[in-house]
Amino acid sequence: QDFLGYIAQIEPEAAAIGLARVIPPDSWKPRSSPYDDAIASFTIKSSIRQEIQGSGGIYSVMNVERKPCTGAAYRARAEASSTQASSLDFAHQRSGAYDEDAAAACERLYWRSVTLSPPVYGADQEGTLTDPDQTVWNIAQLPGILKQTNNSISGVTTPYLYFGEWKASFAWHTEDADLYSINYIHMGAPKM
């Protein structure tokens, strides 16, 4: 329950590696009600179609902005696109175990199919799906020095939602001003 204390504890090792994966206990729930209503009413203001071209390890991406859509419409699209990856077993990822063979199979399928049927990515959507009364590990309410400035900086002091589907890609990167980033996957397959 002590977010800052926990971060201080893992920071030396996580900083050296560049990331940390924290798996909340099964008893922690970000929402008291199902996601369906929250997602159905959410509007993704701008999504992008990622048109990827290339081969042999050299690829380029052209992001084409799309019209707004509802979270329900995006979810239906994402579930339809996931049939291509349905042969992959992500159960080991949910348990926290790493399976090198499963990861390699996912990577092979990704690179074989990345230029086919462009994925759509809903990035930088202001908001949260976590209940406001959830005070533990609620990304919208995490303590920190930037919260004390009383300035609202979208995606830094306020949360963003990201909607991804099979093959939607976002490169590992350094955050603005070398700040840390924290993410919570509400549903779907894990990030690879």
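Tyr6 is connected to Ile182 through a chain of hydrophobic side-chain contacts under 4.5 Å among Ile, Leu, Val, Met, Phe, Trp and Tyr, so both are in one cluster. Tracing side-chain contacts under 4.5 Å through hydrophobic residues (I, L, V, M, F, W, Y), one never reaches Ile139 starting from Ile153; they form parts of separate clusters. Residues Tyr35 and Ile44 are members of one and the same hydrophobic cluster, defined by side-chain heavy-atom contacts under 4.5 angstrom among Ile, Leu, Val, Met, Phe, Trp and Tyr. When the side chains of ILVMFWY residues are joined at heavy-atom separations under 4.5 Å, either directly or via intervening members, Ile185 and Leu129 end up in two distinct hydrophobic clusters. Put simply, Leu109 and Ile52 are part of the same group of oily side chains (I, L, V, M, F, W, Y) that touch within less than 4.5 Å, one to the next.
Classification of the Tyr121-Tyr162 ring pair by plane angle, with boundaries at 30° and 60°, yields parallel.
Minimum heavy-atom separation, Trp137 to Leu142: CA-CD2, 4.0 Å. The shortest non-hydrogen separation linking Gly54 to Thr115 is O-CG2, 3.7 Å. When all heavy atoms of Leu161 and Gly127 are compared, the closest pair comes out as CG-O, 3.5 Å.
A cation-pi geometry, defined here as NZ or CZ lying under 6.0 Å from the six-membered ring centre and within 45° of its normal, does not hold between Arg112 and Tyr110.
Between the side chain of Gln134 and the main chain of Lys29, a donor-acceptor pair closer than 3.5 Å is present. Put simply, the side chain of Asn138 never gets that close to the backbone of Asp133: no donor and acceptor are under 3.5 Å apart. In this structure, the side chain of Glu126 does not engage the main chain of Pro159 through any donor-acceptor pair within 3.5 Å. Judged by distance alone, with hydrogens and angles left aside, the side-chain atoms of Thr70 form a donor-acceptor pair with the main-chain N or O of Ala73 at under 3.5 Å. Between the side chain of Tyr74 and the main chain of Val120, a donor-acceptor pair closer than 3.5 Å is present. Between the side chain of Gln125 and the backbone N or O of Ser46 there is at least one donor-acceptor pair closer than 3.5 Å. Looking only at distances, a side-chain donor or acceptor of Gln50 sits under 3.5 Å from a matching main-chain atom of Ser169.
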Determine, stepwise, if the pair Phe42 / Phe163 fulfils ring pair (Phe, Tyr, Trp, His ring centres under 6.0 Å).
CA-CA 11 Å; Phe42 194 87; Phe163 293 79; 5.5 Å; yes
Set out, in order, the CA-CA distance, both residues' side-chain angles and the distance that settles side chain to side chain donor-acceptor pair (under 3.5 Å) for Glu11 and Tyr180, then state yes or no.
CA-CA 10 Å; Glu11 199 268 342; Tyr180 290 143; 2.5 Å; yes
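When the shell of 6.0 Å around CD of Glu13 is examined, it contains 12 or fewer heavy atoms from other residues, nucleotides or ligands. Crowding of Ile58 atom CD1: a count of heavy atoms from other residues, nucleotides or ligands under 6.0 Å not exceeding 12. Atom CD1 of Ile145 has 12 or fewer neighbouring heavy atoms from other residues, nucleotides or ligands inside a 6.0 Å radius.
Under the 4.0 Å criterion applied to side-chain N and carboxylate O atoms, Lys167 and Glu165 are not assigned as salt-bridge partners. Comment: Asp124 does not engage Lys45 in a salt bridge, judged by the lack of any side-chain N to carboxylate O separation of less than 4.0 angstrom.
Taking the centre of each ring, Trp111 and Tyr59 come in below the 6.0 Å mark.
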